[in-house]
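Worksheet: one structure, shown below.
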Amino acid sequence: MLDIILSGCNGRMGHALEAQCSTDTELNIVAGFDILGTSERNFPIFAVPSEFSGSADVVVDFSHPAALSSLLSFCLQRRLPIVLATTGYSQAQLAEIEDASQSIPIFRSGNYSLGVNVLLELVRQAGAMLGEDFDVEIIERHHSKKVDAPSGTALMLVEALAVSLPYEPEYVYDRHMVRRPREHREIGISSVRGGTIAGDHEVLFAGKDEIIELRHCAQSREVFAAGALKAARYLAGRDAPGLYGMRDLTNSLLEAQS
């Protein structure tokens, strides 16, 4: 049995993760953290982590960047591993995560869909093979309630391209004030917000007389919840401090199948 603390339990992703745990007898939510406080749930909810005095195996966070410091402080004090599924961290917060990972296991990803992480591998390969002759654009689409842009997944795609392209790319987030032809080294990053789009990411490689499109479309939040729970299982089995990610998880799944 894996005992989980769910941070951000009152949000959409919190409810999606709770629903998946309710169908798995090996997963148990022992407490929830949420700034909005209590609601009618099958576990106690605390407005701040320090109010919880029970035990757990791992924390899974789908909340807000503002909650990071209190969560890390709680986990460092308890020596608890944490899965960070929140996006929109500042550079200072990323440094805070890096520092905490020297003492506890931390799993962080901008996207917990296994399909997206397959997309990342395909993008790396395509960038290495096509980079000299093809222009690259990234288009990400999300629901109207998402507050950060570009998405954490779009930034993961940018990072995947940066290590595979044969040149140092320049990132362009807005072209409405640009009055010049597109430079080959540019990577355009466009954000669309509307409706209930769970998550849609497209990488466009545009060459002379041909176009290659690599795309992942999440049709529900359940895919992210399932991936975060896989990460929780993986992280709960880690004794060594460190900063882990989806490549570590996918590699472990491949090893288990071999």
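Since the model is a prediction, treat every value here as computed from it, not as a measurement.
Side chains of I29 and N42 form no contact here, defined as non-hydrogen atoms less than 4.5 Å apart. Two residues are said to be in side-chain contact when any heavy atoms from C-beta on lie closer than 4.5 Å; L157 and L119 meet this criterion. Between E170 and I187 the shortest side-chain heavy-atom distance does not fall below 4.5 Å. When side chains are defined from C-beta on, F33 does not count as touching V48, because their heavy atoms never get closer than 4.5 Å. With contacts defined as side-chain heavy-atom distances shorter than 4.5 Å, the pair E96/L68 qualifies. No side-chain heavy atom of H15 sits less than 4.5 Å from a side-chain heavy atom of R221. Annotation: side chain of L80 is in contact with side chain of I5 (closest heavy-atom distance under 4.5 Å). With contacts defined as side-chain heavy-atom distances shorter than 4.5 Å, the pair L155/P150 qualifies.
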Residues F224, Y112; criterion ring pair (Phe, Tyr, Trp, His ring centres under 6.0 Å); working and verdict: CA-CA 5 Å; F224 309 124; Y112 281 83; 8.9 Å; no
Check against side chain to side chain donor-acceptor pair (under 3.5 Å), S151 and H201: CA-CA 9 Å; S151 68; H201 294 86; 2.9 Å; yes
S109 vs N111, side chain to side chain donor-acceptor pair (under 3.5 Å): CA-CA, chis, key distance, verdict: CA-CA 5 Å; S109 177; N111 191 301; over 6 Å; no
Stepwise side chain to side chain donor-acceptor pair (under 3.5 Å) check, N117 with T250: CA-CA 8 Å; N117 286 274; T250 54; over 6 Å; no
Test salt bridge (Lys or Arg N to Asp or Glu O under 4.0 Å) applied to E26 and R233, step by step: CA-CA 10 Å; E26 294 300 314; R233 285 189 170 101; over 6 Å; no
Pair H143-R193, side-chain contact (heavy atoms from CB on, under 4.5 Å): steps then yes or no: CA-CA 5 Å; H143 55 88; R193 297 289 177 268; over 6 Å; no
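If you check the side chains of H64 and T86, you find no donor sitting under 3.5 Å from an acceptor.
Transitive grouping of hydrophobic side chains (ILVMFWY, heavy atoms separated by less than 4.5 Å) brings F205 and Y167 into a common cluster. A single hydrophobic cluster is seen to contain both F52 and I82, as judged by linkage of ILVMFWY side chains at heavy-atom distances under 4.5 Å, directly or through other members. Tracing side-chain contacts under 4.5 Å through hydrophobic residues (I, L, V, M, F, W, Y), one reaches Y234 starting from L114; they form part of the same cluster. The cluster map of Ile, Leu, Val, Met, Phe, Trp and Tyr, joined by side-chain heavy atoms under 4.5 Å apart, puts F43 and M13 in the same cluster.
Heavy atoms of other residues, nucleotides or ligands lying less than 6.0 angstrom from CD of Q77 number 12 at most. The 12-atom threshold is exceeded at CD1 of I197, counting heavy atoms of other residues, nucleotides or ligands nearer than 6.0 Å. In Q102, the CD atom is crowded: over 12 heavy atoms of neighbouring residues, nucleotides or ligands sit closer than 6.0 Å.
With rounding to the nearest 0.5 Å, the separation of CZ in R79 from CG in D239 is 13.5 Å. Rounding to the nearest 0.5 Å places CG of L235 at 9.5 Å from CG of L84. Note that CZ of R41 and CG of N10 are 5.0 Å apart. Values are rounded to the nearest 0.5 Å. In this structure, CD in E51 is found 12.0 Å from CD1 in I45, a value given to the nearest 0.5 Å. Taking CG of L214 as the reference point, atom CG of L204 lies at 9.5 Å (rounded to 0.5 Å). With values rounded to the nearest 0.5 angstrom, F62 atom CZ is found 13.0 Å from C9 atom SG.
In this structure, E137 pairs ionically with R175, as a charged nitrogen and a carboxylate oxygen lie closer than 4.0 Å. Electrostatic pairing of K146 and E140 does not count as a salt bridge here, judged by no charged N lying under 4.0 Å from a carboxylate O. Between R247 and E121, at least one side-chain N (NZ, or NE/NH1/NH2) sits under 4.0 Å from a carboxylate O, which counts as a salt bridge. Salt-bridge check for R182 with D135: passed, with a basic side-chain N closer than 4.0 Å to an acidic carboxylate O. By the 4.0 Å N-to-carboxylate-O rule, D61 lies too far from R108 to be salt-bridged with it. Under the 4.0 Å criterion applied to side-chain N and carboxylate O atoms, E168 and R185 are not assigned as salt-bridge partners.
Under a 3.5 Å cut-off, the side chain of D57 and the backbone N or O of D3 do form a donor-acceptor pair. A donor-acceptor pair under 3.5 Å is absent between the side-chain atoms of D133 and the main chain of L130, judged by distance alone. At distances below 3.5 Å, at least one donor-acceptor pair connects side-chain atoms of S101 with backbone N or O atoms of E98. A donor-acceptor pair under 3.5 Å is absent between the side-chain atoms of E210 and the main chain of G207, judged by distance alone.
Aromatic pair F107/Y244: centroids not less than 6.0 angstrom apart. A ring-centre distance under 6.0 Å is not found for F134 and H184.
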